[in-house]
Amino acid sequence: MDATLGDVLGVLDRLYDPAWAESWDAVGLVTGDPGQVVRRVLFAVDPMRVVVDEAIEGKFDLLVTHHPLLLKGVNSVAATTPKGRVIHDLIRGGVALQVCHTNADNANPGVSDALAAALGLKDTRPLKAMPSEPMDKVVVYVPANETQEMIDALAVAGAGQIGDYGRAAWTVTGEGTFRPLERANPTIGEVGTVERVVEDRVEMVLPRRRRRAVVEALRAAHSYEEPAFDIFEMAALPSERGGGRIGVLAEPLSLEQFAELVAERLPRTEHGVRVSGDPERMIETVAVVGGAGDSEFDRVRAAGVDAYVTADLRHHPATEARAYDAGPALVDVAHWASEWPWLKDAERLVKQQLADQGFTINTHISTTCTDPWTLHL
Ligand SMILES: [Zn+2]
């Protein structure tokens, strides 16, 4: 069965949710109509002219790139500018362009997972973990014979989801007591008399965004005029998503051997692999950031790793980070090479998830090196 662009975007948006992108980024669909049929998909790092030509000449219906074509706002896509010309040619060639940039960096698995896997790192965790979704806990006290109905009502409103389990709740039985005052209209008991009722304390978690719906459901389901309940904001735990990864080599290597491994496992570029540090130094723990990584030095230092593999390192941040050899060894690779391994992951996951929905799709990974450095003397 043929997939539409909308079907493919549905899969991509689940893997690389646009909501995970940084606020300055511009991800998502650049050209294309969600209703168009997609039979052939090309994956590439950069939507450079040469890659766009590869997509058009190869009769691909969709080009998925990591870097945006249009990051900053534009007032014109006239064919008189190079990017306007690209837009025209993509549309004329029937090629949709979809960008998965920092939303792919922050995914799990994301861009840095692929880099870590290419280098054989184990036990990986995010360098810059994103907080998990904000959660609340609702605690409500209900007459014991209403407990199951209350749990049902709260579950329908969005409470009680824990991983692959729904309607999850915890209860304990106790005693509630109250004296209905003058103007009360009590369900149980009478005005002026102290009442004691066997009640259950029901606890359920809920995403904070469902708070209003859950409280409304609670009030609707409770038989009391004034239900007693509490909402607690739960502490945020780090999630498994986020930028960069920290991992461990299967066995320690000297910095020189490790750099050779990096050069061997990543696609070759003119930029090559630059190393800062004593070549004899032993490397076991490694931090990686696909793409430009000199904004993450503080986190890398705090993680106490032996080496940091990333791209686009500059003189001053790099020398500061080395801290007279007290800091991690640095392995600087081409930006393009650091992100290219992700294409294989994206291709495999998209293909697999479309197949699960009964769609067949033909995919290809561009091997055209779009690193800007073309000669290294
Ligand atoms: Zn990048």
Side-chain angles (χ1 to χ4, degrees), residues 12 15-18 20-30 42-52 54-55 63-72 83 86 97-119 121 124 126-128 130 241-246 262 265-274 286-297 299-300 308-314 317-318 330-347 349-350 365-374:
L12 280 167
L15 291 167
Y16 313 113
D17 190 330
W20 302 335
E22 304 292 337
S23 56
W24 50 263
D25 204 1
V27 302
L29 196 60
V30 181
L42 179 65
F43 291 84
V45 173
D46 296 289
M48 302 293 285
R49 180 76 242 181
V50 61
V51 171
V52 169
E54 189 180 343
L63 169 61
V64 177
T65 65
H66 181 50
H67 291 142
L69 173 67
L70 307 169
L71 182 60
K72 296 185 180 126
K83 286 191 177 179
V86 161
L97 172 62
Q98 165 80 358
V99 173
C100 303
H101 190 209
T102 50
N103 48 330
D105 289 327
N106 288 329
N108 178 31
V111 173
S112 293
D113 286 295
L115 175 57
L119 306 184
L121 297 185
T124 53
L127 174 67
K128 183 183 176 180
M130 310 279 277
R241 286 194 304 100
R245 290 294 182 272
I246 299 169
V262 173
R265 297 284 178 85
L266 296 186
R268 212 198 74 84
T269 60
E270 281 301 323
H271 173 287
V273 174
R274 298 189 297 180
V286 178
V288 299
V289 169
D294 61 14
S295 60
E296 299 303 331
F297 274 132
R299 283 193 179 83
V300 171
Y308 180 32
V309 181
T310 188
D312 296 348
L313 292 185
R314 293 173 297 154
L330 305 178
V331 180
D332 181 78
V333 302
H335 190 129
W336 173 83
S338 73
E339 295 176 333
W340 189 85
W342 168 73
L343 304 177
K344 284 189 183 173
D345 256 14
E347 178 196 45
L349 293 168
V350 165
I365 293 172
S366 173
T367 53
T368 308
C369 176
T370 48
D371 200 59
W373 311 116
T374 54

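Whatever order the structure lists ligands and atoms in, that order sets their numbers, starting from 1. The shown structure was predicted, so the numbers you read here are calculated from the model rather than taken from an experiment. Any value given below was found using the heavy atoms of this structure, including those in side chains, with hydrogens, waters and symmetry copies removed.
Considering only residues two or more places apart in sequence or on other chains, R299 meets the salt bridge (Lys or Arg N to Asp or Glu O under 4.0 Å) condition with E296.
Within the 3.5 Å criterion, the main-chain N or O of V333 finds no donor-acceptor partner in the side chain of S338. Not a single donor-acceptor pair under 3.5 Å links the side chain of D371 to the backbone N or O of T269. Side-chain atoms of T102 come within 3.5 Å of backbone N or O of E22 as a donor-acceptor pair.
Note on ring orientation: taking the six-membered ring where Trp is involved, the planes of W342 and H66 are tilted (angle from 30° to 60°).
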What do the steps show when you test N106 against K128 for side-chain contact (heavy atoms from CB on, under 4.5 Å), and what is the final call?
CA-CA 9 Å; N106 288 329; K128 183 183 176 180; 5.9 Å; no
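Of all protein N, O or S atoms, those under 2.8 Å from the Zn ion (ligand 1) number 4.
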